[in-house]
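Take a look at the structure below.
Quick note on labels: first sequence line is chain A, next is B, and so on, each numbered from 1.
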Amino acid sequence: MPIITYREALNQAMREEMRRDDRVFLMGEEVGYYQGAYKISKGLLDEFGPQRVLDTPITELGFTGLGVGAAMAGLRPIVEMMTFNFSLLAIDQIVNSAAKLLYMSGGQCKVPMVIRGPGGAGHQLGAQHSQALESWFCHVPGLKVVTPATPADAKGLLKSSVRDNNTVIFIESEVLYGTKGEVPEGENLIPIGVAEIKRPGKHVTIIAHSKMVLVALDAAQQLEKEGIEAEVVDPRTLRPLDTVTLIDSVKRTNRAVIVEEGWPFCGVGAQIADTIQLHAFDYLDAPILRVTGADVPMPYAKNLEHMCLPDKERVMDAVHQVLYRK
Amino acid sequence: MPIITYREALNQAMREEMRRDDRVFLMGEEVGYYQGAYKISKGLLDEFGPQRVLDTPITELGFTGLGVGAAMAGLRPIVEMMTFNFSLLAIDQIVNSAAKLLYMSGGQCKVPMVIRGPGGAGHQLGAQHSQALESWFCHVPGLKVVTPATPADAKGLLKSSVRDNNTVIFIESEVLYGTKGEVPEGENLIPIGVAEIKRPGKHVTIIAHSKMVLVALDAAQQLEKEGIEAEVVDPRTLRPLDTVTLIDSVKRTNRAVIVEEGWPFCGVGAQIADTIQLHAFDYLDAPILRVTGADVPMPYAKNLEHMCLPDKERVMDAVHQVLYRK
Amino acid sequence: MDSSNSAVSAANAAEDHFAEPARPTQEDRARLTDPAVLKNLLEQMLLVRRFEERAAELYTLGKIGGFCHLYIGQEAVGIGAISTLRPEDSILVSYREHGHALARGVDPGEVMAELYGKQSGVSEGKGGSMHLFDKTKGFLGGHGIVGGQIPLATGVAFASKYLKQNGVTLCFFGEAAVNIGSFHESLNLAALWKLPVIYICENNRFGMGTPVERSSALYDLSQKALGYNMARAQVDGMDVLAVRDVVMEAVERARKESLPTLIEARTYRFMGHSMSDPVHGHYRTKGEVDEHKRHDPIKLFTATLESVGQLTQEDVEEIDRKVREVVEDAVAFSERSDDPHPSQLHADVYTE
Amino acid sequence: MDSSNSAVSAANAAEDHFAEPARPTQEDRARLTDPAVLKNLLEQMLLVRRFEERAAELYTLGKIGGFCHLYIGQEAVGIGAISTLRPEDSILVSYREHGHALARGVDPGEVMAELYGKQSGVSEGKGGSMHLFDKTKGFLGGHGIVGGQIPLATGVAFASKYLKQNGVTLCFFGEAAVNIGSFHESLNLAALWKLPVIYICENNRFGMGTPVERSSALYDLSQKALGYNMARAQVDGMDVLAVRDVVMEAVERARKESLPTLIEARTYRFMGHSMSDPVHGHYRTKGEVDEHKRHDPIKLFTATLESVGQLTQEDVEEIDRKVREVVEDAVAFSERSDDPHPSQLHADVYTE
Ligand SMILES: Cc1ncc(C[n+]2csc(CCOP(=O)(O)OP(=O)(O)O)c2C)c(N)n1
Ligand SMILES: Cc1ncc(C[n+]2csc(CCOP(=O)(O)OP(=O)(O)O)c2C)c(N)n1
Ligand SMILES: [Mg+2]
Ligand SMILES: [Mg+2]
């Protein structure tokens, strides 16, 4: 299987879907002539032309709403948020239009749209450019939320998202763009709503999504040396959440650690913890622990930023705790 | 003690704080000449004049940001959202400016502001006008989130919020505005971050905020007839959350039911459940149950809307379940 | 560099494509208009008026709930404008959209049933008064967030151009909506990308209780188009034929040249902001409302049609009888329709 | 009713308070300006230039991280504008704000230390290049969301008026920011409420890789003021004295009449959008950049000062030596400063 970057995987997914279906178009800041702020759309303007690859003014609310309208009227927009931090300006159109039009219209107005871009922290980008807001989108009925961690998932899930007839919030990661992995060639759709066990294990379940999956796998590898077999489960899709796979894993390991980059209070991990205690109450041998981003706006200073982000060590500590190893 | 409405309590709180401190001013749509869309600001324009009671154009992003700037520069704005649904348009200024300026500026820029208005459903207002989004605000470090359920709490907490030097998201309820209760006269500040046991009991803890407190108390009263003594705890402030009081109650009752009006997935209740399982794991005799709004955009039809909102019956069912009574 | 820039700006100074408020009287226009069209316009205006008068009663009886914003007094705008459209065209409106839906030919029974919250409503009872949708008619809502429909309409126009369907999109909003960001962002996008959309600002003087003079620094709202190099027009929104002519021009521009237009229609709201709002609160006097009622678009139009000999008193009464029947049928239909089935609660949150 | 409305609109048609791009040459202006001021302006421009040249090196050395947006080429705008202010005035800028901070007299060492992310930085290392704050100097950031500072600045002006402090607020943003909703909402509020704020649009031709012609339907950006009945001006942003004069007028208008102004300064960015962006990517040629560098505001100004006999080559070198020293001291200070203490992580999320 070819080994490509997460960036290239996303690029292939968009290219293939745009070739397959003329109604698919890409819109966002710098996606065209500039080839994308993070070069995800490299070459797409050349291949598909300015009718289908549109550079927008800096008007997140306007062009996201325009995308929703275009989707209502039969197109299949891919809207790139240069980063998801800027989606806050568009959130009214995402929540009040994209997520509700189908329901409010009694099923008449479908909004097949993908809103994609990097979420979470980069490197020292400061408080306004380092937010992981997936729990917000997960809260909203009518939206689907996808957070791939590997190139293969990125490609397979983006293709499925573009074909989905609902609005999909597709959250990537600046830090993952350069990572490499095997990606099957051609048509390989990964269904939305299906988790994957990234690493099997029987002593503890570590649940992580997006780049935290890599942190979890790191920790698992290290733990193995201590004879601790951690199972790493990646939901891949946060909404709808594949609770069956998560619960099944916890029922086998009886212990759970949830890792997320975002803020702790009302984070996605809280919902996952609630789901686990509800469905696996009698199987739990220890409280569910969460490893999250620090409960602060992201500081610029490197040393402070480092303290904010979950790392291998903190995940291992949590695992030790749920195993009462210290 | 005088008995007044929740509406009147809010009005008194603003009036008293505006009399006490010239830097406090009120801004929002229809707060002046129209006396407030829900008449919360009745009479304030007459008493304080158009310099301190400002009708804004319909520009939530603009006037909220203006409020933040005014707060940075020494004023203490009260910004009324006609309803919190519209705060989605202002969310960038709330999250990226109000919540972060103090931190980003290394402690230099305080933003003493209150953003207040009704949250949640009214009666058949439809999907775009019936959202309970408190979990979103709770997710954000730098914000405080207050959700009073009674006239006394509304007054005492609004006064404290106006005096707080941080940005406070103060969520009221259209359905509560007309409710009455005893409110001590004059200066009666209720500290932010302190929960209240609205009704003591030893068999189960029901945690509810805002108008769900009334639903919980209804259920508790009914349950009493069955010999079930439910303790109803109202956090009153969701961020910072008074975990001590909540945990202490659950440790006594060993059972918890959490009621909220909002959507279930990633709702505030999920965080509360996570907090409880973490700190009271060994005390729980049953999984924590949540009673929430339906996981759908709010429908207009009366019968469907009714099905969406938590009611006494659903709370009682949950209590019976955690008590294994059925 | 400055020179190069000024070259640019010379090529692109805000040209003011201002369409003079058309001079002819309503009589003049009537004489130039097909009698069938005139009759149809009157019939639609009366239908909307009677429909809403009835809706107001039903609201007070508790048959209709939630927010209910009436169009009474503004009928000439929506009806004149929509009379210029073709089937392939689209319409998006704010929450004050009963009149536009009916003008577009959405079934009155299904509209009324929607206000009742019945399964047989256009939006299956899930939308209500603020969220009427009939995709088969290109009627795309009914939107409750001020300004929310403006980017959406811009996108619908974008799709029509992208798909080469040659459709035109009408986007209606109130004068208070011009102050919100989505208006600004959308108009720039439409002008920049040359989209076939017509923005119709229904200036009824008030956003709830706030007069335009206290919400916008510029009162001559069509001039907002200058900031986007967009064609603009201002029209007497109480004159259904004047509105029709101005919109026809804009539709032409959109269909032939794929260019947007901003139109300000000066009108007035005879009722309260919504059914929960008094007809004239602190913010305006009964005198002011009565004064404006003297310009009732239906009265004006009936008088015109009679004066130019297109209609007799009897014809008018005949039409009125007819529309009242339509309204009563709509009410009867709504009364006998079922509430949505409980199973509908979770339907259409997502689609396959 | 229509008449009453037109009365209103007559009283309030978008009057165009357009200040002609001032005619005099930089030499003319120089002759009319206090020599001390001239020298100070040059010194500030050189300080900013040298400071940022050094910052660029340090960024490539990994001493500075995150996004770092340089002001090189645009110095005349911020420095000319800020030279008109008093201590009670305030300044808010985008993320491209090093120059404005230094022009306002924020300590270069503390600014550099902030770029280093040190505890001794103006924002205690928590803000970084994009979030410089020095409240004692009325320098209120440093904002990373495009357009985010515009409502904030409007609010700061509101507070100054409310508190009768008679302060003026300068708000700087790029030309691409005029398309975002917060610009529109803020300018309307400022004009409607007559706030003492001056909006300075630094038109450096590009928003990242997008030229203004592809982001705004109207290229002559100061004309955006027409939509808000606001005074406006356009100025050559490469001429520090022209900028100073135009802003001085606007400051006068703000301070005396409490009225806002929109100023477009035509300038050019000599470096990439940020340090992670090539100087000329696909979106512009080296030739274009070089062409613009011929209008380097510092070169122009030095030439002027020499031609009017205000300065000799030696004076300039002397000033340059001096500012280079200041920059080196700033670097040394940053190097020897400590990282924020870990205990700072949770400090200042909330205040008492
Ligand atoms: C963003 C937003 N803010 C506030 C409201 C509440 N609201 C509903 S209608 C309205 C007034 C709108 O006035 P205008 O745009 O002139 O339309 P009209 O009602 O006069 O037709 C307001 C403030 C809303 N629906 N959306
Ligand atoms: C709302 C928002 N969208 C996108 C971005 C990413 N971004 C940062 S700067 C920039 C270009 C801004 O250009 P301009 O306003 O002309 O300012 P300049 O950088 O030229 O000084 C963009 C798109 C952002 N920071 N905020
Ligand atoms: Mg209006
Ligand atoms: Mg620029």
Side-chain angles (χ1 to χ4, degrees), chain A residues 22-25 27 50-52 54-77 79 89-90 92-93 95-113 140-144 164-168 192-193 239-240, chain C residues 90 92 114 119 121-128 130-136 138 140-145 147-163 165 167 169 180-190 192-193 195 197 340 344 346-352:
Chain A
D22 289 347
R23 296 165 306 167
V24 178
F25 71 99
M27 172 171 63
Q51 265 61 34
R52 297 182 64 193
L54 294 99
D55 285 325
T56 64
I58 305 171
T59 56
E60 280 77 8
L61 181 63
F63 69 71
T64 303
L66 187 151
V68 177
M72 277 170 86
L75 299 184
R76 307 184 71 84
V79 173
L89 286 156
D92 172 68
Q93 285 292 344
V95 172
N96 278 319
S97 296
K100 295 184 171 64
L101 279 166
L102 182 72
Y103 197 80
M104 294 196 306
S105 66
Q108 294 178 79
C109 297
K110 297 189 170 75
V111 184
M113 173 168 70
V140 182
L143 298 180
K144 295 185 177 182
D164 198 282
N165 285 322
N166 302 283
T167 296
V168 178
I192 289 174
R239 184 184 179 104
Chain C
S90 303
L92 289 88
E114 189 58 36
Q119 178 70 46
V122 271
S123 305
E124 298 188 351
K126 284 177 172 171
M130 295 195 290
H131 306 302
L132 303 173
F133 289 83
D134 186 346
K135 216 178 166 195
T136 63
L140 302 176
H143 301 271
I145 305 299
Q149 72 276 23
I150 306 179
L152 296 175
T154 310
V156 171
F158 174 90
S160 177
K161 184 177 186 178
Y162 184 104
L163 296 167
Q165 292 167 334
T169 302
I180 203 154
S182 54
F183 168 87
H184 176 68
E185 298 191 3
S186 300
L187 267 70
N188 183 55
L189 282 165
L192 187 67
W193 292 354
L195 302 178
V197 55
Q344 288 302 302
H346 289 278
D348 295 323
V349 177
Y350 294 97
T351 180
E352 279 318 298

Might you confirm whether atom NZ of C:Lys161 has over 12 heavy atoms from other residues, nucleotides or ligands at distances under 6.0 Å?
-> yes
[X] to [Y] - nearest heavy-atom pair and separation:
X        : Y        : result
A:Met104 : C:Ser123 : O-CB, 3.2 Å
A:Cys109 : C:Leu140 : SG-CD2, 4.3 Å
A:Gln108 : C:Val122 : NE2-O, 3.0 Å
A:Pro57  : C:Leu189 : CD-CD2, 3.4 Å
C:Gln344 : A:Tyr103 : O-OH, 4.1 Å

Are the side chain of C:Tyr350 and the backbone of A:Leu143 linked by a donor-acceptor contact shorter than 3.5 Å?
-> yes
Donor-acceptor under 3.5 Å (A:Lys110 side chain, C:Glu352 main chain) | no
Per-residue contact mode, A:Thr64 against chain C (heavy atom under 4.5 angstrom) | neither
Non-hydrogen atoms of chain C under 4.5 Å away: do they reach the side chain of A:Asn96, the backbone, both or neither?
-> side chain
Is there a side-chain contact between [X] and [Y], using heavy atoms and a 4.5 Å cut-off?
X        : Y        : answer
A:Gln93  : C:Ile145 : no
C:Phe158 : A:Leu54  : yes
A:Leu102 : C:Val349 : no

Checked C:Leu152, C:Leu192, C:Ile150 vs chain A; the most non-hydrogen pairs under 4.5 Å come from C:Leu152
Tell me, for C:Ala347 versus chain A, whether the close heavy atoms (under 4.5 Å) come from the side chain, the backbone, both or neither.
-> backbone
Within residues 180-188 of chain C, which positions have a heavy-atom distance to chain A below 4.5 Å?
-> C:Ser182, C:Glu185, C:Asn188
How about A:Arg52 and C:Tyr162: does a side-chain donor come under 3.5 Å of a side-chain acceptor?
-> yes
